[in-house]
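First comes the structure, then the notes that go with it.
All ligand and atom numbering here is 1-based and tracks the order in the structure. The analysis underlying the following values was restricted to heavy atoms, covering all of them including side chains, and did not include hydrogens, waters or symmetry mates.
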Amino acid sequence: MDIQTLLASLTIEEKIGQMMQLAPFFFIEDIDVKIFGQVTDLHLDKKKIFQSGSVLGNNNASQMIEIQKKYLKESRHKIPLIFMADIIHGFKTIFPVPIAMAASWNPNLAEQAASIQAKESRVSGIQVTFSPMVDITRDPRWGRVVEGFGEDPYLASCFSKAMVKGYQGDDVSKPDKIASCVKHFAAYGASEAGRDYNTADISNYQLFNTYLPSYKAAVDADVKMIMTAFNTLDGIPATVNKFLLKDILRNQWKFDGVVISDYDSLHQVIAHGVAKDDKEAAFRGIDAGLDIEMQSTCYTNHLKELIDEKLISEKQIDEAVYRILELKEALGLFDDPFLGANPEQEESIVLCEDHLAYAQKVAEESIVLLKNDNDLLPLSKDLHYAILGPYADTSRTNGAWAGHGNNDLNHKLGDLLKSQGYHIDYINNQSILDYSKEALEKIKQVDQIILALGENEYESGEAHSKVDINLPRSQDLFVDFAKSMHKPIIVILYHGRPFVLKNIMEAQTILDVFYLGSRAHEAISNILTGKTNPSGKLPISYPRHGGQIPIYYNHLSTGRPHHNGVYGEYTSYYLDEENEPLFPFGYGLSYAKFVYSNIKVSNKDMYIDDQITVSIDITNQSNRSGYEIVQLYINDQSSYYARPVKELKGFKKVWFNQNEKKTIEFLVSKNDLSYFDANGHTLLEAGKFVLMIGKDSKSVLSVEINFLEEINHDDKKQSKTKNYL
Ligand code: BGC
């Protein structure tokens, strides 16, 4: 298709139509589709509706085919619609929520999961997914923590890239691939006080080093679309933020894909108070480089007027529409507007056993064992267990943003364990006060108590912020109750955000299972019974107290650092709580025992084009085989800007046979030693660096190297620092 000729054949109204995205019920009134946002009357006439360019949400191939046919019949230009939807961690085969997937530290799994999502989506008539969400999250009060890959830019970037590759493959016109839309650009995860949609106000230094890399990773992986965020950044709503959309995205990163607003977020700039009406909102959107508005009509109703008044040019519209048409071309829609959608194949592809088995594999690797005193796990067939608590017989393991999934298809944990010959009773209760006499008698008989605690799936996700990230008090009472029965306690924790777990630390065992999707309980039972050795590690710190938020491992050092456990007045610490999290970033146990020793570097001195090798010996001192996630951190000892006390720069998930010893190596090059200044320019400075390898961000062994050259940078040249070096 010659896009330029097609573009030239469109009227200005038709061009502007391409820049609007509407929900399916605009095209077919009584269609059964769930969308996630307030639905308001957009006052559109039929002509405008049938000029729009894309659709938000779709359930299945037949629905898509019906809408596309109707649209193509009604529209003059016959340019197919694109169908976009939120396929976040599964279409109908549901994978672990992204924060759990990140706990696998296995981006290859995420890539494969995304490719299965693409397969199920495309055959069901969806061509673009609003995923991955790569907002860095350091505040567990924010409900959307569940949708992202945690607190660390490096780990999140690895998952960002993997998901984009999985969805798109090397050609999005293939009938089993979809285009990916990375979101929410930018810094949405920094919403103040963890309240959704709130202001983000961070320094550019933080922006470039912490918040932007995960979006950049998606752009480098050739992501086709990017969605703007709801928040303001530096006082300007991200949807109309020129610095983000033009200076960074288009000019610095050379992104040439489509930029879409979030749901109604162009119109919402009026509520932000930066536009007096829809017309000004439209002006600010096009001026900033926004291509599509989702579920609002500022563009549709006002862009033409703005051109007529010479406030904007038709060229600006042409640039946006060109990108949208190019995406339609890339998706193969001009050749076949229904490409991939196939109701018959849908039956056999969606939720097929292969996909479910893969969902289970991902789930198994996403589980994190936080505590296992006295080796309560694996379970024993010789013991009698009771599963108690509000989630004791739940099958609701899909979690937030799994709108096409069906929790009723998922199995219950107790049933699965029983079917394997384990002696299990389960009693689902919201409160210990609800137990009947018979139930209490039954509980007294058992050897150990399994408590299924946490939060329900509706308590995390969009618009689900909380001020209190403690487990509900009623759930602590389950622990007290189990203790009063003098029974060993195993906690299984279902949740979408880090919790303060201090009150349940008396449980001997805590297994963190987040929301693991369609095959959650098969995965959990395999871990509980020891068929699979747990290997997940936390992608986000778990605080001791809500007052520590934001808490993250890669913080800067203060001028008065506090040394844990050592009293030091006038150092940076709390009077009433430790500085350290309860469970640090990167933490997770195994049934095996991995011992680290002998960290070494190939060379202590490093020049700019050198690659040095840092290695460590790891011994599995146990009779269990399993995976260990080995983590490389770096600390820059003297630099122009204060640098994080530790930064993740590499990781490897390594299989160890029982009692096996291996030497694990990482290559370190100049990229690992560089960082961004506040203008987004790369700085690489001579000096000492500490390289650390460990099993989590806290337990590391370290070695120093000297980096002997540096790339000069204007900022630095002007600084006095240069003279000292
Ligand atoms: C969310 C986005 C989502 C969009 C479309 C918005 O409310 O913030 O993440 O992609 O709705 O459903």
Problem - Any side-chain donor near an acceptor of the partner, D512 and H495, under 3.5 Å - result: yes

Handout entry: Flag for N456-Y494: side-chain donor and acceptor within less than 3.5 Å
Key = no

Exercise for the section: Look at ligand 1 and say whether H184 reaches it with a heavy atom at a distance under 4.0 Å. Expected result: yes

Exercise for the section: Could you establish whether R144 and ligand 1 come within less than 4.0 Å of each other, counting only heavy atoms on the residue side? Expected result: yes

Numbering as shown, the atoms of ligand 1 that approach [X] to under 4.0 Å (heavy-atom distance):
{"X": "L56", "value": "5 (C), 12 (O)"}
{"X": "D262", "value": "1 (C), 2 (C), 3 (C), 4 (C), 6 (C), 7 (O), 8 (O), 11 (O)"}
{"X": "D86", "value": "3 (C), 5 (C), 10 (O), 12 (O)"}
{"X": "F130", "value": "10 (O)"}

Practice task
Could you please spell out the steps behind the ring-ring contact (aromatic ring centres under 6.0 Å, His included) verdict for F91 and H404?
Solution key: CA-CA 6 Å; F91 178 64; H404 298 90; 4.6 Å; yes

Completion exercise
Here the salt bridge (Lys or Arg N to Asp or Glu O under 4.0 Å) pairs for residues 284-294, sequence neighbours left out, are K242-D287, R250-D291, D291-R323

Practice task
Evaluate the criterion ring-ring contact (aromatic ring centres under 6.0 Å, His included) for residue pair Y154 and W105; output intermediate values, then yes/no.
Solution key: CA-CA 11 Å; Y154 180 84; W105 290 58; 8.9 Å; no

Using distance alone, determine whether [X] and ligand 1 share an N or O pair under 3.5 Å.
{"X": "W401", "value": "no"}
{"X": "Y263", "value": "no"}
{"X": "K183", "value": "yes"}

Practice task
Please determine if E459 and K466 form a salt bridge, counting it only when a charged side-chain N lies under 4.0 Å from a carboxylate O.
Solution key: yes

Handout entry: Pairs involving residues 118-140, ordered by first then second residue, that meet ring-ring contact (aromatic ring centres under 6.0 Å, His included) (sequence neighbours left out)
Key = none

Exercise for the section: Check each heavy atom of M227 against ligand 1 and say whether those closer than 4.0 Å belong to the side chain, the backbone, both or neither. Expected result: side chain

